[in-house]
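Shown next, in structure tokens, is the structure this report addresses.
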Amino acid sequence: MQEASVQAIIDTDPGLDDAIAILYALRSPAFEVLGLTTVAGNIGLAATTRNAGRLLALARRTDIPVVAGASRPLKRPALDVASHIHGVDGVGGVPLPQAAAPALDGAVDWMAEQLANAPDKTVDLLALGPLTNVATLVERHPSQAVRIRRLIAMGGAVETHGNVSARSEFNFAADPEAVETVLGADLPLAIVPLDVTRQVRATHDYATQLATAARPEARKAGELIKAYFKGTDGRESRPLHDPCVMLLAAVPQLFKVERRHLDVCLTGGDSGALVSGTHAVDVAMGVDEGLALAQLSNVLVGSRNQPDRDQGR
Ligand code: RIB
Ligand code: CA
């Protein structure tokens, strides 16, 4: 399917599904990835940052910088890491090359610099983990934050059950105060909640189809999905949460997006849950699963006439 052009900063906590999302963006000719900024979430910051560099090395895109960000939420203690899902290394033990260079520090100031140097409203911020870095950008560099073209964030549960509590989802439950700051910033925000990401599911066959492809990024994505099945009690499929952010950015026609008015719960066992409120947000609530999965695999596997994306532009 035809993809829209996306110039993006990817804020991420890789993480198995983050890794697949990143590999898709790196393979897609529609994406210009300005950098990967990392945040603690699925696993600690050292591991998420290491994994970001290793994914760039795999995709032969070491021209793209990795910049480390927040090691903990704005105000509250971090949630337990999700090593039962993502493995103790964050990528399910899947072998990846070493990063080509050490990561930089200072993700938020780096984001602000990129936004200041780019024409206004040309850079998308794609958030795949807790919103700590994004909220800090809003607080520390408000005049740069408003230069974002679109903020697309995977997070929340609107009409479906959560994966941390009955109503809260991991990215938003990890830093509810960050969600509150981002909602209050009136940025052009689109949320991709569990309501839709749970509909985009990879099966063992889908993983095998990727794992036997010619392109290394596709093979590795297949291995990452197979690792995503570990630690699950015989599930038949796994939800591709973070790849849905990339798909919404590049192929929005795959999704049904609704305008909702939301706030975030900050107290009690459901803190981080999205509730009816005052902030207008675009929310992806429907998706064509078949076309979404086909788009993901077509881009990762690549067509014969799609040039290899080597170092640099
Ligand atoms: O709830 C799913 C989200 O939490 C995904 O982004 C996954 O990578 C974890 O960060
Ligand atoms: Ca993530």
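All values reported here derive from a predicted model rather than from experimental measurement. Reckoned from all heavy atoms, side chains included, excluding hydrogens, waters and symmetry mates. Order of listing sets the numbers, starting from 1, for every ligand and every atom in it.
Atom-to-atom distance recorded for Ile22:CD1 and Leu128:CG is 6.5 Å, nearest 0.5 angstrom.
Under the 3.5 Å distance criterion, the side-chain polar atoms of Arg61 are left unmatched by any main-chain donor or acceptor of Leu56.
The protein heavy-atom contact nearest to atom 1 (O) of ligand 1 is Glu169 OE2, 2.6 Å. Nearest protein heavy-atom neighbour of atom 4 (O) of ligand 1: Asn171 OD1, 3.2 Å. The single protein non-hydrogen atom nearest to atom 6 (O) of ligand 1 is Asp242 OD1, 2.6 Å, given as residue, atom name and distance. In terms of protein heavy atoms, atom 9 (C) of ligand 1 is closest to Asn42 OD1, 3.0 Å. For atom 8 (O) of ligand 1, the nearest non-hydrogen atom of the protein is Asp17 OD1, 2.6 Å.
You'll find the side chain of Glu177 reaches within 4.5 Å of the side chain of Leu266, heavy atoms only.
Residue contacts with ligand 1 for Leu16 are absent, since no atom lies close enough (heavy atoms, distance under 4.0 Å).
The Ca ion (ligand 2) does not have Ala21 among its coordinating residues (no N/O/S atom, backbone or side chain, under 3.0 Å).
Residue contact check: Asp13 has heavy atoms under 4.0 Å from atoms 10 (O) of ligand 1. The contact set between ligand 1 and Asn163, taken as ligand atoms under 4.0 Å from a residue heavy atom, comprises 1 (O), 2 (C).
Looking only at atom types and distance, the side chain of Asp195 has no donor-acceptor partner in the side chain of Thr160 under 3.5 Å away. Looking at Thr37 and Asn133, their side chains never bring a donor and an acceptor atom within 3.5 Å of each other.
Taking the N/O/S atoms of Asp13 in turn, the shortest distance to the Ca ion (ligand 2) belongs to OD1. Among heteroatoms of the N, O or S kind in Asp242, OD2 lies nearest the Ca ion (ligand 2).
The aromatic rings of His86 and Tyr228 sit parallel to each other, their planes meeting at less than 30°, with 60° as the upper class boundary.
Taking any N or O of His86, backbone or side chain, none lies under 3.5 Å from an N or O belonging to ligand 1. Remark: ligand 1 and Leu128 share an N or O pair separated by less than 3.5 Å (distance only, no angle test).
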Check your understanding: Does the pair Gln7 and Arg149 meet the rule for a side-chain contact (heavy atoms from CB on, under 4.5 Å), with working shown?
Key -> CA-CA 9 Å; Gln7 189 179 43; Arg149 181 177 76 156; over 6 Å; no

